[in-house]
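Chain letters run A, B, ... following the sequence lines, proteins first, then strands; residues in each count from 1.
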There are 2 protein chains.
Amino acid sequence: MSDMEYSIGEVAKIAGVSVRTLHHYDEKGLVVPQRSATGYRHYDSAAIDMLQQVLFFRELGFPLADIGEILAQPDFDRIGVLRRQREYLVGKSARLSQLIDTIDRAIEETQGERTMSADEKLKGFDQGPHAAEAKERWGDTEAYAHSQKRLSGYSKEDVEAAKQEAEDIAARFGELMRSGASSDSPQAVQLAEAHRLHIDRWWYPCSKQMHANLGDLYVQDQRFTDYWDKHEPGLARFVSEAITANAA
Amino acid sequence: MSDMEYSIGEVAKIAGVSVRTLHHYDEKGLVVPQRSATGYRHYDSAAIDMLQQVLFFRELGFPLADIGEILAQPDFDRIGVLRRQREYLVGKSARLSQLIDTIDRAIEETQGERTMSADEKLKGFDQGPHAAEAKERWGDTEAYAHSQKRLSGYSKEDVEAAKQEAEDIAARFGELMRSGASSDSPQAVQLAEAHRLHIDRWWYPCSKQMHANLGDLYVQDQRFTDYWDKHEPGLARFVSEAITANAA
DNA sequence: GCTTGACCCTCACGTTACGTGAGGCCGTAC
DNA sequence: GTACGGCCTCACGTAACGTGAGGGTCAAGC
C-alpha cells in the first residue's frame, strides 16, 4: 500500500485541473490536504480519494456546495457513493449517445434527406443527474411542490393563508422550543401533527411515514436546516424530533 | 417544410434551458430571434438551428465567446461544423467510458480487490475537446509555444530580446503599412521573412508553409487579429498577405 | 369591454467557480 | 550566495447565468 504524497502542482497536472481550483476546493473544505511547516500543501492518498469523488460529482454537474454536503454526511458510505456516481455516469453516457444520434439526423437534414422538428433538434440538452437527483430529493417537499406550481389552482388569498399558516407553525415550534419543552412532549407532537396536516392540506398528501422522512431531511440537508434555524437556532432538529415522535 | 415559430418559454422548455439563458444568448448575439411589434421574441427554424449549434458546443465545454466566433465565420459551413461536433461528442463519450472504468476499479479498490495509483484515480478528468481544439489551433503559434515553456531554457535577457524583436517586427510592419506600401512589396516580403526567421529562431521550427498557415490564422482568429491590430488597425490582414507573398 | 393569470419584456444586483496577476517565501541545484 | 521553478496568500476580475423587481402583453372567460 503506497502512501505517497504529492505537491499541489503534481496533483493539478495529474488531474488536469488548475492549482487555483485545488486552492478553491481547500478553501471550500472539499479537499483539505496536509500542510508542511512552511505552509505547502501535501496531498496524501486520502486527499486524492476525496478529490476523485469531488471530480466525479463535478463531472456530473453537481454544484460544489451540494458535493460538500453529500461527502460530509455522517453516514458517508464511499462504496455507495461510487455506485451512485457510476449510475449517473452511465446515464450521462446514454444521453451523449442520444446527442450523437441527433447530430446524425441533423446532418441528414442538412443534406435534404430528412426533416426534423424543433423538439427533435433540441431534445437531449436537459440538465444532468444533479437535476434528476434534486427532483428525487425534493420530491417530497413543499419546495419542490412550489416549483410544480401546485398552487396554481389557489387564489392569492389561499396562497397567503397557506404561507401564513406555515409561518405560524414555525413560530409556535420556536416558542415551544424556547419554553424548554422537550421535542417529544404532547405539545410538540401536537404541533408536528398540525404541520403534517398543513402539508397534507396545502401541498400534497402527506402520510406520517412521509412526514417522518421529511423530518429526517430537515436535519440532513442544509437548506432545510437553514429554513427552520432562521426562526430559532437548533429548531430544525427540534422539529425533526417532534415529527419522529408524532410518527411513532 | 414547416416554419413554426416558438415563444421563448416554449423553446426554453423544449431545450431544457432557462429563459434567462436565451436572453443571454440573444444579448451575446449567439441566437438572435425575430421580435414582435411588442418586443416578444419569436424563434423560427433558423434560430432553432442556431440554438442547436450553440448547445452542442456548450455541451462540449466551449466558452460562449469561442462559439460565437466559430459560428460567425464568413465561410461558415453548417455540415462541416456538425461533423466536427460529432467527432468531439464521440470523443467525449469515450472519455466517459474511461471514467466508468475508473469507477469500477475504484469500487474494487474499496473492496480490497486491487490497488490504484493517484494517476489511475485522477486520470480522465482532463478538459474536453475545447482544450484539444485549442491545442490543435494554437499548436503552430507562439502563444502555445509560450505555454509549453519553450523559453524555459533562455535567460531573462534572451526572453527580453525575443520579445523586443517581436515588437520591432510588428512596429516595422505597422510603419510599412502606414507608408502606403502594398502587402506584397519587396519590403513587406522581406519583413515577413524576418518574422518567419524570428519564430524559427526563438519559438519553434517554422517552414514557409507553416508560416503561411499562421498567416491565415492571423485573420481568421480574433485573438490573433487583435494582437496585430492593436499596433495598427488592419495590420493583421496586411501581415497575413505579406506572409502569403513570402511563401509563394 | 373588463378581469384574470400566464407569459413576456428590461433592468440590475448577486452567485458560482474559478482565472489572473501581484508580491513574496521555499526548495533545490550549481 | 545565486538562480529558477514552485509554492503561498491576497484580491480583483470574468463568464455564465440566477433571481427578483416593476411593468407590459396576450388570450380566455365573463
### Query
Rounding to a whole Å, what distance do you find between Tyr25(A):OH and dA17(C):P?
8 Å
### Message
Using whole Å, what does the distance between atom C1' of nucleotide dA16(D) and atom CD of Glu27(B) come to?
### Response
11 Å
## Note on the structure
Regarding the side chain of Arg35(A), the nearest nucleotide among dT10(C), dC7(D), dC8(D) is dC8(D)
### Phosphate contact (dG18(D) OP1 or OP2) by Ser18(B) side-chain N/O below 4.0 Å
yes
### Message
Can you tell whether the side chains of Glu27(A) and Arg20(A) come within less than 4.0 Å, N to carboxylate O?
### Response
yes
### Query
Do Glu59(B) and Gln85(B) pass the side chain to side chain contact (heavy atoms under 4.5 Å, CB included) test, and can you show the C-alpha distance, the side-chain angles, and the key distance before you say yes or no?
CA-CA 10 Å; Glu59(B) 178 70 35; Gln85(B) 290 172 335; over 6 Å; no
### Message
Less than 4.0 angstrom between a side-chain N/O of His23(B) and OP1 or OP2 of dC9(C), yes or no?
### Response
yes
### Query
On DNA chain D, nearest-nucleotide positions of Lys28(B) versus Asp26(A): which is more 5'?
Asp26(A)
### Distance test, side-chain N/O of Thr21(A) to OP1/OP2 of dG19(C), below 4.0 Å
yes
#### Entry: Greater than 12 external heavy atoms within 6.0 Å of Gln34(B)'s CD
no
### Whole angstrom value for the distance that separates C1' of dC8(C) from CZ of Arg20(B)
15 Å
### Task
Using whole Å, report how far CZ of Phe62(A) lies from C1' of dT16(C).
17 Å
### Query
Of the nucleotides dT9(D), dC8(C), dA17(C), which one has an atom closest to the side chain of His24(A)?
dA17(C)
### Query
So which one's nearest nucleotide on DNA chain C is more toward 5', Gly39(B) or Val19(A)?
Gly39(B)
## Note on the structure
Taking dA16(D), dC18(C), dT10(C) as options, the one with an atom nearest any side-chain atom of Leu64(B) is dA16(D)
### Query
Roughly how far, to the nearest 0.5 Å, is the CG atom of Leu82(B) from the CZ atom of Arg105(A)?
12.5 Å
#### Entry: Distance-only side-chain donor-acceptor flag, Arg58(A) / Tyr25(A), under 3.5 Å
yes
### Summary
In whole angstroms, the gap separating P of dC26(D) from CD1 of Ile8(B) amounts to 15 Å
### Message
What's Ser36(B) touching, base or sugar-phosphate or nothing? Going by heavy atoms closer than 4.0 Å.
### Response
nothing
### Message
Checking contacts here: which listed nucleotide (dC17(D), dT9(D), dC26(C)) is nearest the side-chain heavy atoms of Thr38(A)?
### Response
dC26(C)
### Task
In whole angstrom, give the distance that lies between atom CD of Glu5(B) and atom P of dC26(D).
14 Å
### Task
Please report, rounded to the nearest Å, how far the C1' atom of dT16(C) is from the CZ atom of Arg58(A).
13 Å
### Message
For a quick check, tell me whether the side chain of Tyr40(A) and the base of dG27(C) share a donor-acceptor pair closer than 3.5 Å.
### Response
no
### Query
Atom CG of Leu22(B) to atom P of dC17(D): distance rounded to whole Å?
10 Å
### Message
Is there a side-chain contact between Arg41(A) and the phosphate of dT9(D), meaning an N or O under 4.0 Å from OP1 or OP2?
### Response
yes
